[in-house]
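One structure is given here, and the rest of the page talks about it.
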Amino acid sequence: MTVLSVNNVSKTYNANTANSVEAIRDIDFELDEGEFLSVIGPTGCGKSTLMKMVAGLVEPTEGEIGFNGEPITGPREEIGVVFQEESTFPWRNTLRNVEFGLQMRGVDKEERRERAQEIIELVGLGGFESNYPAELSGGMRQRVAIGRTLALNPDLMLMDEPFGALDEQTRIILGEELLRICRETNQTTLFITHSLTEAAYLSDRVLVMSARPGQIKEMVDIEIERPRDHNVVTTDEFNEINDHLWHILRDEAKQGFEQTAKVE
Ligand code: ADP
């Protein structure tokens, strides 16, 4: 079943003004239930713009985004978002952070405690229920943020560089955890990353974008067998995929770099 359909979507910020920026041009793809799709591309190619449009926070200039067969016209409860930046509530402990959305939805206390506890176990935070974010590591805080989104059982989870602020080892561990979580929950996920390795390792497909205006350069199927763990990155099969992704991206990355340098 198709969860998300992005139909010939383009976005120009400040259209018809001297400051107009064509961020995205003619992006077209679908995402099926349970699928994990990563988006990679040079800085400034419109990855976050794409994510914000799917989240209903930014309106496309052209084209349409469909979700479960209906057009997206604004934020929706069934679409959960996890951002790179710190998004936990510092004044709530782990349990109360994870149950926040359920509380907002008016789920009664007993039911939301039970659901939050289940999710806390799922994201590997058992034993840390009463700790506040300041008492947790960056990786654990990101688990809390992921847990808070998953608690609402979203039909689609959007992740914008969720591990971007974390060190390499923590990224690897959380990547493995995310693989397991998505397998256990059949979570449909759209994931933005700068890391080719992360994209190849986690995804069913990788959408490679061109430099701005971001267009689809190539959609790459990642046919590595599941379940996977991080050891997969040492295999020849994986290295070939990684080389292929880098080959597609290399010229775009240079172009993106030059565009960014001009702006700065
Ligand atoms: P990425 O996430 O790939 O780095 P973004 O989606 O953040 O790219 O940005 C794509 C382009 O759109 C960039 O040139 C950026 O400067 C521009 N842009 C992003 N948001 C806005 C905005 N609100 N107003 C004007 N230009 C924007």
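Both ligands and their constituent atoms are indexed starting at 1 by order of listing.
Although no hydrogens or angles enter the test, the distance criterion places a donor-acceptor pair under 3.5 Å between the side chain of Ser10 and the main chain of Asp26.
Taking any N or O of Thr49, backbone or side chain, at least one lies under 3.5 Å from an N or O belonging to ligand 1. Any N or O atom pair closer than 3.5 Å counts here, and Cys45 shares at least one such pair with ligand 1. The N/O atoms of Asn14, backbone and side chain alike, include none that comes under 3.5 Å of an N/O atom in ligand 1.
Given atom 4 (O) of ligand 1, the protein heavy atom at minimum distance is Gly44 N, 2.7 Å. Among all non-hydrogen protein atoms, the one lying nearest atom 7 (O) of ligand 1 is Ser48 CB, 3.8 Å. The protein non-hydrogen atom at the shortest distance from atom 19 (C) of ligand 1 is Tyr13 CE1, 3.4 Å.
Using a 4.0 Å cut-off between charged side-chain N and carboxylate O, Arg180 and Glu184 make a salt bridge. A salt bridge does not link Glu168 with Arg171: none of the charged nitrogens is closer than 4.0 Å to a carboxylate oxygen. Here Asp160 does not pair with Lys52 in a salt bridge; the nearest charged N to carboxylate O distance is not below 4.0 Å.
Atom 2 (O) of ligand 1 is flagged as protein-proximal [any protein heavy atom, distance under 4.0 Å]. Atom 15 (C) of ligand 1 is not flagged as protein-proximal [any protein heavy atom, distance under 4.0 Å].
With a 4.0 Å cut-off on non-hydrogen atoms, Met209 does not touch ligand 1 at all.
Within the 4.0 Å heavy-atom cutoff, Gly46 counts among the residues contacting ligand 1.
For Glu114, the CD atom is loosely surrounded, since the number of other residues' heavy atoms within 6.0 Å does not exceed 12. At most 12 non-hydrogen atoms from other residues, nucleotides or ligands lie less than 6.0 angstrom from CD of Glu110.
Taking hydrophobic clusters as Ile, Leu, Val, Met, Phe, Trp and Tyr residues chained together by side-chain heavy-atom distances below 4.5 Å, Leu179 shares a cluster with Val123.
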